[in-house]
Amino acid sequence: MAMNERYEPQAIEAKWQTRWEEAGVFRAGTRPGAPKKYILEMLPYPSGKMHMGHVRNYLLGDVYARYFRMKGFDVLHPMGWDALGLPAENAAIKDGVHPAVRTQENIDSFKAEIRSLGYSYDWTREVNTSHPEYYRWNQWFFIQMLERGLVYRRFSKVNWCTGCHTVIANEQVKEGKCERCDSPVVDKETPEWAFRITKYSQALLDGLEQLKEWPERVTSMQRNWIGRSEGAEIDFAVKGSDEKVRVFTTRIDTLYGCTYVVLAPDHKLVAKVTAPERRAEVDAFVAKMAAVSKVDRTAEGATKEGVFTGAYALNPFTGQPVPIWIANFVLSDYGTGAVMSVPAHDARDFEFARKYSLPIQVVIQPASGDKLPEGDKLEGAFTEYGVLVGSGEFSGLGSEEARRKMAAKVEAEGRGKATVTYRQKDWGFSRQRYWGTPIPIVYCEKCDPERRGIPVPLDQLPVRLPEIDTQAVLTGKGEPPLAKVASWVNTPCPKCGSPARREPETMDTFVDSCWYYARYLSPHYDAAPFDPAEAKRWLPVDVYVGGPEHAVMHLLYFRFWTRVMKELGLSPVDEPVTRLVTQGIVNGSDGRKMSKRWGNSVAPASIVKKYGADTARTYVLFAGPPERDFDWSDAQVEGAFRFLKRVWTLAATHEAVAGATHAGPFEGKALETRRAAHKCLKRVGEAIDRLSFNTAIAGIMEYINALYAVGTPETPAEKAAMLEALRVLAVVLTPFAPHIADEIAEVYGAKGFTVNQEWPAFDPALVVDEEIPYAVQVNGKLRAEIKVPAEAAEAEVRAVAEADERVKAAMAGKTLRKFVFVPKRLVNFVVG
RNA sequence: GCCGCGGUAGCCCAACCUUGGUAGAGGCGCUGCACUCAGAAUGCAGAGGUUGCGGGUUCGAAUCCCGCUCGCGGCACCA
């Protein structure tokens, strides 16, 4: 067939997309004997239109998927929909369209856009989290975890988002605002369901060690978020009472410098220890603190405030009484909710002590030998480790040793223990919304008067979302929507059959994305969430691509879930993903985030329409390294398009070589052509291995330039070499611009699809040059450039270099002190 | 404040990690030439640098080490 002279992507792209689909080329599991690669991009929430972030995200995975397919792997590269969630429900509140209807519309248009970009997905494994066949397994997991004590119901202060009208998790609160809608988050006292993720805090922390191929920034954010700290709990007896205040400290070595103790305002001992004459003031302070949210109370820059309770605690080592205060900066849900204050050696305690004129006692001196001034002359807290002073039998010890010995002593005396605390909290996951997975729990007054909740029996799953009158139920006001659906919420108790009520709350959608990667392995399996045999073949995910914004949400939750799945005997792996790639942001051409507000958005569909998918792909991948942000540039898009036009023109002008054969030898232009092809294979392959897609494309551009320079092939050898070169071109283009690649391959006689061809190994003999340029330096300064045969030995190179006139001039009258020889690069004469 | 990422030609970026070795692979823009009646398109050629700053190691530093600076992102009263 003959190629059109003009490159018209619209004429070829839809054709190839249809052919790929009809032939099922991207289906996984078709090469049972081959090694596997599981390549995955983060499950998208199907908004109506794709944005450039999606395009880039899926491209990074797609290049890999196509490349490994050509390398002979059985590749699993699936796609699906995070279809439950707030946006569709919020839209429904506005216009009355049922979330299921809108979501399906969105999926249809989103999927059409994905198709138009030529991604290599196995659509036979498509997953949709809003289908009961999917979310029934959320419910199944819930019940398994309930039985194992990994799910529980608690009554506590929760983060209430005033915009989303629902509780959200700690991880979803950013600077006191909702991570999703930016509305203020307030405290609310309410019952909620939680996953006991903190049981796995240590395991999740330890697991980070084996995640060598995760970006440091993600693992360090997780480490930070888990927030392990080693310290000790110590009991302080309350003077004149049987009560004890248990404090948590990481600096037990400073115990002798403790001059007061502080309780959180909502600590349970506050009411018990407060002296009668202080009660009015303390109550007022507690009430005031209860009125402000935790977030405001503890925000950066919030001034430290507190009141004296009138009670005293006794230092367990010295017996010295110290006043007990309550203050805003002490949190009831961290450590023991009480701290021992050592103002000389803690910045917060110092500030507080200064404000309320509490004593400051120095008990650590710098290891350097410098002496700190007395407490009241101290200008700030000395918080480093040092040497203990005024600390009884521990004086003279270093902080580290003192920490161990003092912890051992309190433990021996039964007044405390060495302990580890985590900043991470359990994951509260009940949501007061409709468009989520129903929590499979029933409340029966008769057999469950304490309202602990009775699990729905497994054989009654799924608990389906009911059909609703959208406008009546989804109002955005009042109780959870499901509570309004009488026909659904009222149900017989599964235990005793009496009238009972269903739990009207639904699950956080982060539950859905905790295990979807395993559902892809057997998307229609109905005996379990997925087939454990398939898990053995395919897990873990080899490459996972997504935005770094999920570092402490999804990426932590699904690591947790993975461990649970292993304990349930479903999956063989501790960690879900071997290599994580976090892609950078595609900004507008003005350097600002793409948004309607700035009018700087570029719709992927418009680029595909104007230039074709191959240009869109090539540009986005060429614009920079995967992890880096970049600014959109129309000029660079034009550049990518121009490049593909050059590719097209090259292929169209050499059609005459299509049937060429030649057994060799190859010399001159023919050899040059072959060298260029093999160098390109080497370079592009190595660049893809390194995930350096931008330089891989640069390598293909260089290759194209080289083929233009070669000119028209004339001899049989030149024609055969050019044919080989064009076939190589189709191969290296396939991961990036697959449509044009297949079109070229077809013209040059390929059978089937390029992506099913083998990525050829380059010939080592063809990637080294016969002559190599050497730089000649004198005292490190470049003086000449010489060309010598590639295999030339040191003496030979030196002789050529010494013979050079410029080198002679630079060395004239000087003595040679040293000669440096770097094979294949340079020589350096050190003279003086 | 702590952690991470980045600063190379007018612009986007390679080379840095893995081996310290001529600062340039690629793209955009610019200039010139060819083609053309002319332009567009295309092809070919070219110019362009104190590698953020200072110091150290070395025969030799964009690269390794130390200090600083600027920009971006994350976390931050967690005892």
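Everything numeric in this text was worked out from a predicted model, so none of it was measured. Note on naming: letters A, B, ... go to the chains in the order of the sequence lines (proteins, then strands), and numbering restarts at 1 for each one.
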NA contact type, [X], heavy-atom cut-off 4.0 Å: base, sugar-phosphate, or nothing?
X: A/Tyr708; answer: sugar-phosphate
X: A/Gly335; answer: nothing
X: A/Ser633; answer: nothing

message: Once salt bridge (charged side-chain N to carboxylate O under 4.0 Å, His left out) is applied, do any residues pair with A/Arg783, and if so which ones, sequence neighbours excluded?
response: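 None.
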
field: Any residue meeting salt bridge (charged side-chain N to carboxylate O under 4.0 Å, His left out) with A/Arg404, in chain and number order, not counting sequence neighbours
entry: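 So A/Arg404 forms no salt bridge (charged side-chain N to carboxylate O under 4.0 Å, His left out) with any residue.
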
What's the [atom1]-[atom2] distance between [X] and [N], to the nearest Å?
X: A/Phe819; N: B/G21; atom1: CZ; atom2: P; answer: 18 Å
X: A/Ile585; N: B/G6; atom1: CD1; atom2: C1'; answer: 14 Å
X: A/Asp634; N: B/C28; atom1: CG; atom2: P; answer: 14 Å
X: A/Arg6; N: B/U42; atom1: CZ; atom2: P; answer: 11 Å
X: A/Glu785; N: B/G21; atom1: CD; atom2: C1'; answer: 13 Å
X: A/Met340; N: B/A79; atom1: CE; atom2: C1'; answer: 9 Å
X: A/Arg825; N: B/G21; atom1: CZ; atom2: C1'; answer: 7 Å
X: A/Leu826; N: B/A61; atom1: CG; atom2: C1'; answer: 13 Å

message: Please evaluate residues A/Ile197 and A/Leu204 with respect to the criterion side-chain contact (heavy atoms from CB on, under 4.5 Å), reporting the C-alpha separation (whole Å), side-chain torsions for both, the decisive distance (0.1 Å), and the verdict.
response: CA-CA 9 Å; A/Ile197 191 172; A/Leu204 291 169; 4.1 Å; yes

Within the sub-3.5 Å range, which N or O atoms of nucleotides 12-16 of chain B have a protein N or O partner, and how far apart are they?
residue: B/A14; atom: OP1; partner: A/Asn694; partner atom: ND2; Å: 3.4
residue: B/A14; atom: OP2; partner: A/Arg628; partner atom: NH2; Å: 3.2

[N] - base-pair partner by Watson-Crick or wobble geometry, distances under 3.5 Å:
N: B/G48; value: none
N: B/A9; value: none
N: B/A34; value: B/U42
N: B/A61; value: none

[atom1] spacing across the pair [N] / [M], given as an integer number of angstrom:
N: B/A76; M: B/A23; atom1: P; answer: 47 Å
N: B/U22; M: B/C17; atom1: C1'; answer: 22 Å
N: B/G26; M: B/G46; atom1: P; answer: 12 Å
N: B/G10; M: B/G54; atom1: C1'; answer: 27 Å
N: B/G27; M: B/A9; atom1: C1'; answer: 14 Å
N: B/C44; M: B/C28; atom1: P; answer: 12 Å
N: B/A79; M: B/G74; atom1: P; answer: 23 Å
N: B/C16; M: B/G1; atom1: P; answer: 34 Å

task: Could you check whether the rings of A/Trp325 and A/Phe352 sit parallel, tilted or perpendicular, using 30° and 60° as the cut-offs?
output: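 Because their plane-to-plane angle is over 60°, the rings of A/Trp325 and A/Phe352 count as perpendicular.
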
Would you say a side-chain N or O of [X] is under 4.0 Å from OP1 or OP2 of [N]?
X: A/Arg646; N: B/C44; answer: yes
X: A/Asn705; N: B/G27; answer: yes
X: A/Arg642; N: B/G29; answer: yes
X: A/Arg348; N: B/C78; answer: yes

query: Does CD in A/Glu379 sit with more than 12 non-hydrogen atoms of other residues, nucleotides or ligands closer than 6.0 Å?
result: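 At most 12 heavy atoms, drawn from other residues, nucleotides or ligands, come within 6.0 Å of this atom.
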
query: Is the number of heavy atoms from other residues, nucleotides or ligands under 6.0 Å of A/Lys355 NZ greater than 12?
result: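 Yes, because the 6.0 Å sphere around NZ of A/Lys355 holds more than 12 heavy atoms from other groups.
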
Ionic contact status for A/Arg217 with A/Glu627, cut-off 4.0 Å: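 Salt bridge absent between A/Glu627 and A/Arg217.
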
query: Should A/Arg798 and A/Glu802 count as an ion pair when the cut-off is N to O under 4.0 Å?
result: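 Between A/Glu802 and A/Arg798 there is a salt bridge, with a charged N closer than 4.0 Å to a carboxylate O.
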
- request: Could you say whether A/Val822 or A/Glu216 is positioned toward the 5' end of RNA chain B, judged by the nucleotide with the nearest heavy atom to each?
  value: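 Looking at RNA chain B, the more 5' nearest nucleotide goes with A/Glu216.
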
query: Start at the 5' end of RNA chain B and walk down; is the nucleotide closest to A/Trp225 or to A/Ala640 reached first?
result: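 Its nearest nucleotide lies further toward 5', so the answer is A/Ala640.
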
- prompt: From B/A79, B/G74, B/A25, pick the nucleotide closest to the side chain of A/Met221?
  reply: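 The answer is B/G74, which lies nearest to the side chain.
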
- request: Name the closest nucleotide to the A/Arg217 side chain, picking from B/U42, B/G73, B/U19.
  value: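 Looking only at heavy atoms from C-beta outward on A/Arg217, the closest nucleotide is B/G73.
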
field: A/Gly257 versus A/Pro343, closest heavy-atom pair with distance
entry: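 For A/Gly257 versus A/Pro343, the nearest heavy atoms are O-CD, 4.1 Å.
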
Under 3.5 Å, which protein N or O atoms sit close to an N or O of nucleotides 57-60 of chain B? Give each pair with its distance.
residue: B/C59; atom: O2; partner: A/Asn828; partner atom: ND2; Å: 2.4

task: Check the side chains of A/Thr653 and A/Tyr708 for a donor-acceptor pair under 3.5 angstrom, ignoring hydrogens and angles.
output: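 No.
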
message: Any donor-acceptor pair under 3.5 Å linking the side-chain atoms of A/Arg646 with those of A/Asn705?
response: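 Present: a donor and an acceptor within the cut-off.
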
message: Would you say that A/Phe641 contacts A/Lys645 through its side chain, given a criterion of any heavy-atom pair below 4.5 Å between the two side chains?
response: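 Contact flag for A/Phe641/A/Lys645 side chains = yes.
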
message: For the CH2 atom of A/Trp214 and the CG atom of A/Leu555, what is their distance to the nearest 0.5 Å?
response: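 A/Trp214 CH2 to A/Leu555 CG: 5.0 Å, rounded to 0.5 Å.
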
Report all side-chain donor-acceptor pairs from residues 815-825 of chain A shorter than 3.5 Å, counting only partners two or more places apart or in another chain.
none

For nucleotides 33-35 of chain B, tabulate all protein N/O to nucleotide N/O atom pairs closer than 3.5 Å, reporting atom names and distance.
none

